[in-house]
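Here the structure comes first, spelled out in C-alpha cells, and everything after it is commentary.
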2 protein chains.
Amino acid sequence: MTKIDDVARLAGVSTATVSRALRGLPTVSAATRRRVLAAAEQLEYAVSPSASRLAGGRTGAIAVVVPRITRWFFGTVVESVEEFVHQSGYDLLLHNLGGREQTRQRVLRAANLHKRVDAIMLVATPLRSADLTALAKLKLPGVTVSSGSVVPGWPCVRIDDVDAARTATRHLLGLGHRRIAHISGDPDDELAFTTHLDRRRGWRDALREAGLDPDPALDVESQFTIDGGTRATAELLRRGDPPTAIFAACDEMAMGAMTALRDAGLRVPQDVSVIGVDDHDLARVVGLSTIAQPAAEQGLLAARMLLDPLVGGGPGPTGGPGDDRLPAGTAPAGDTPGTPVILPTRLIVRESTAPPRAH
Amino acid sequence: MTKIDDVARLAGVSTATVSRALRGLPTVSAATRRRVLAAAEQLEYAVSPSASRLAGGRTGAIAVVVPRITRWFFGTVVESVEEFVHQSGYDLLLHNLGGREQTRQRVLRAANLHKRVDAIMLVATPLRSADLTALAKLKLPGVTVSSGSVVPGWPCVRIDDVDAARTATRHLLGLGHRRIAHISGDPDDELAFTTHLDRRRGWRDALREAGLDPDPALDVESQFTIDGGTRATAELLRRGDPPTAIFAACDEMAMGAMTALRDAGLRVPQDVSVIGVDDHDLARVVGLSTIAQPAAEQGLLAARMLLDPLVGGGPGPTGGPGDDRLPAGTAPAGDTPGTPVILPTRLIVRESTAPPRAH
DNA sequence: CTGAAAGCGCTTACAG
DNA sequence: CTGAAAGCGCTTACAG
C-alpha cells in the first residue's frame, strides 16, 4: 500500500502539498501539481478513505434508503442516483427496508448513519415523529423522494400523486365507466407510505367531479405489489357486482389485477378496464394503460439537489457532471427547502382500457 | 459527537477497555463490560467508522457489483445480499455498471475498491484479464455470482445454465416442436457476460439430442432485456418461415418476444410457444413458462460465503444470523474455492407453451 | 483483566 | 505557494 508519504518523497514536496495537489485545491503551483500527479500515478497511489475521512471530517459517502429495491420505481430511482453519486466521487451505501419495521429503525436511528455518510436520500420512506427527531439530531443534509413526510430543511422531489390518480380516473370516466374500483396500498402495512393515500384521494376527487359517490365496496386495500393487486382484485370480485374498470395505485398492482381478472374468466378490457401508475417497463408488454411518472428523473434531480452543495468541498477530482441531463422545465436545485419539486406525469393509453360494454 | 474518551471517563476505564468491551472481546470482565455498555448507551455513543477503520485496518464494508439493478435477477440478488450484509454489521457499497464499459473499469480498478471494502461480490460481471490482474492485486476476498469468469481463490455461486437451457428446449421438443428458435444476449454487448453462451449451448445440445440441427436462421442475438426480446423476435419473423416455439435466454426477453408476437398478429401459445429462464415476478402474470432459478438464494449463499470468514474479527456486536436460512441441499460455505456451488433450477409450465398446431 | 502509549494515514490551521 | 506539526478517534501490541 503506497501512502501519501511515498508520493511526497518521490515528488520532493510535503504531504500537505500532496494532499492539496491531489484534491485540486487552488493553492498549488502548476509545476508542483504536475510533479505530484505524476508521482501519484507512478506509484498507483490511492488516498485512504478512512484516513481522509477521519482527518477531513467528510465521509465521501451518501446513504440511499428505499423500501424495496426490487420494485420497478425504486430500482429505477437507485439506478439513476447511483450513476450521479459515483460520478460525483461519492460512495453509495444502500439500505433496503424490505418491509421490515425493525430495519427501518436500524437505518434511521442516529447511531447508524451518524459518522458514516455526508448526506441521506430517503425514497418513499415513511417517517414517524421519533424518526424525524433522530434525523434532526444527525444534522445531515438530506432529500426525500416520493415522500409524504416532510423533513424540515430537506428538499423533496416527487410527482403530484393526487393529480396522477385524478387523471387516471378521469380517463376511465371519459370512456364511459361509472363503476370504477380502486385498489391500493395497505395503511396497516408496517412500512406504509403516504403515496396510496394521495392516489385514493385523486380517485375520489375525480369521481365526485363526475357526480359519483366513491363506493366503499369498490375500494380495496392490499400491498403495492403484483400479489397485492391479485389479492385485492380477487376480493373485489368476491364482493359481487364487479366494477367495469379498476384504477390500480401502481402498475405492479395493475398487473396483478390483470392476472386475477384473467383467472376469473374476465377479459381486459372487454369486461373490465385496468389502469395503473408508473409506466413500468412491462406495462407496454402487457398493454397496460397507465400514468407515466419520471422515475429516473426524480432520482437524478434529488441526487443533484443533495450533492451539488457538497461538491466543491467534496472528495474526488471531478467537479460532477454537467447540467444537461435534467428534464426540461424542472425547478433548479436551489429551490426553497420545504417546497416540493413536482415532476410531471402523463397519461399513456394502451390496450387495457376501453369503453364499458353496452348493457 | 460523543467519543470513546467520553465513554471511558463515564465508565471509569481506559479507552482501550471501552474498545474491547464494545466489540465483545473476551478479555473484559463481566462487571466492566456492563459498566462500559451502560455508559455507551447513556451517551448514545456510536463508534466512528473512519477512526475504527484507520486504526483497525478493517473497513466494515463490502462492495456489490451488478450489471443492472433494474433487472429482476440482479435486484432480487441485491435484496437478499443487502439483508445479510447489514445483519452482519457491514455496510454495502452498491455499484451498478449500467452497461457502461467505462464504469466497469472505474469499479474494478484497484484504486477504487482498495481501502474501501473488506470484500467484493461480483454478480454476472464479465472480467477481462486486465481485470483479473487488478483484482488479484487487491488481495481482497471475493465471491462471484452467476459468473462465467472464474477469479482465482474466489468461490462462485451459480446455476447450471447449460442444463437450464437444455431443460427448456427439451420441454418444447417434448410438446412436439421442431422449429425452435433461440433469442439471446449479444456478444458484442460492452458488458457481455457468459450466461448467454451457456444457454445457447444448452439449446443446441438439446436439439442435437433430438436429432435436429440448430438452424442459424433461428438463432438471434440481442440484449438481455424486454426490448432486446422484442427486437430479436421481430428479426426472427422478418427472416420468414417463423419458428413454432421460442426459447428466450431470460424471462425479460421472453416477455419482449410475447409483445413482438402479439404485434405481429401471432398468438401465444397457439401460433408460437415461448419459454424463458428466471421465473421473474411477472412471469406468472403473463402466463410465461420458464426455468425457475433461485435468485435470492444465490445472493444469500454468496453473501454467507463472503462474510462468514470475516465475521468474528469483523465489526458489529452481532455474530451474524443463524444457519437456518439456506436452501436445503446446498453446499456448505467452506467449499473448495474454484468449484462453483450450483443451485438447482426447475421447469415451470404455464400457458405460454403448448403443442404446435397440426398442419 | 486492564492501561499507557504509539500509531493508523490523512487534513488543517498556522506560520512563513 | 509551501511546510512542520498537531490532531482526527479509534485499535493494538506491550507491559503489568
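Worth saying up front: this structure is predicted, and the values here are computed from it rather than measured. Order of the sequence lines fixes the chain letters, A, B, ..., with proteins taken first and strands second; residue numbering starts at 1 for each chain.
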For the side chain of B:Ser19, counting heavy atoms from C-beta on, which of C:dG3, D:dT11, D:dC10 is nearest? D:dT11
Mind checking if B:Pro26 touches a base, just sugar-phosphate, or nothing, with heavy atoms under 4.0 Å? sugar-phosphate
With a cut-off of less than 4.0 Å, is there a side-chain N or O of A:Arg58 near OP1 or OP2 of C:dC10? no
In whole angstroms, how far is the P atom of C:dC1 from the CZ atom of B:Arg35? 14 Å
Proximal nucleotide (of C:dG3, D:dT2, D:dC10) relative to the B:Ala16 side chain: C:dG3
Tell me the interatomic distance from A:Ile4, atom CD1, to D:dG3, atom P, rounded to whole angstroms. 12 Å
Salt bridge between A:Lys3 and A:Asp6, side-chain N to carboxylate O under 4.0 Å? no
Please work out if A:Thr27 contacts a base, only the sugar-phosphate, or nothing of the nucleic acid, heavy-atom cut-off 4.0 Å. base
Rounded off to whole Å, could you give me the CG-to-P distance for the A:Asp5 and C:dG7 pair? 13 Å
Nearest-nucleotide pick for B:Leu54, side chain only, options being C:dC10, C:dC8, D:dC8: C:dC8
Is it the case that D:dG3 (base atoms only) and A:Arg20 (side chain only) share a donor and an acceptor within less than 3.5 Å, ignoring hydrogens and angles? yes
Close side-chain approach of A:Leu306 to A:Val81, heavy-atom, < 4.5 Å: no
Of B:Lys137, B:Arg104, B:Arg106, the one forming a salt bridge (charged side-chain N to carboxylate O under 4.0 Å, His left out) with B:Asp131 is B:Arg104
Report the stems of DNA chain D as range-with-range entries sorted by first number; a stem here is at least three consecutive pairs, Watson-Crick or G-U wobble, both distances under 3.5 Å, and write none if there are none. C:1-3 with D:14-16, C:5-12 with D:5-12, C:14-16 with D:1-3
B:Arg23 CZ to C:dT2 P: how many Å, rounded? 15 Å
Kindly compute the distance separating OG1 (B:Thr76) from CD1 (B:Ile69), expressed to the nearest 0.5 Å. 9.0 Å
Remember a base hit wins even if backbone is also touched, and classify A:Thr32 as base, sugar-phosphate or nothing at under 4.0 Å, heavy atoms. sugar-phosphate
Among D:dG9, D:dG3, C:dT2, the nucleotide that comes nearest once only the side chain of B:Ala51 is considered: D:dG9
I need the B:Leu37 CG to B:Arg33 CZ distance, nearest 0.5 Å. 7.0 Å
Nearest-nucleotide pick for A:Val13, side chain only, options being C:dT11, D:dT12, D:dG3: D:dG3
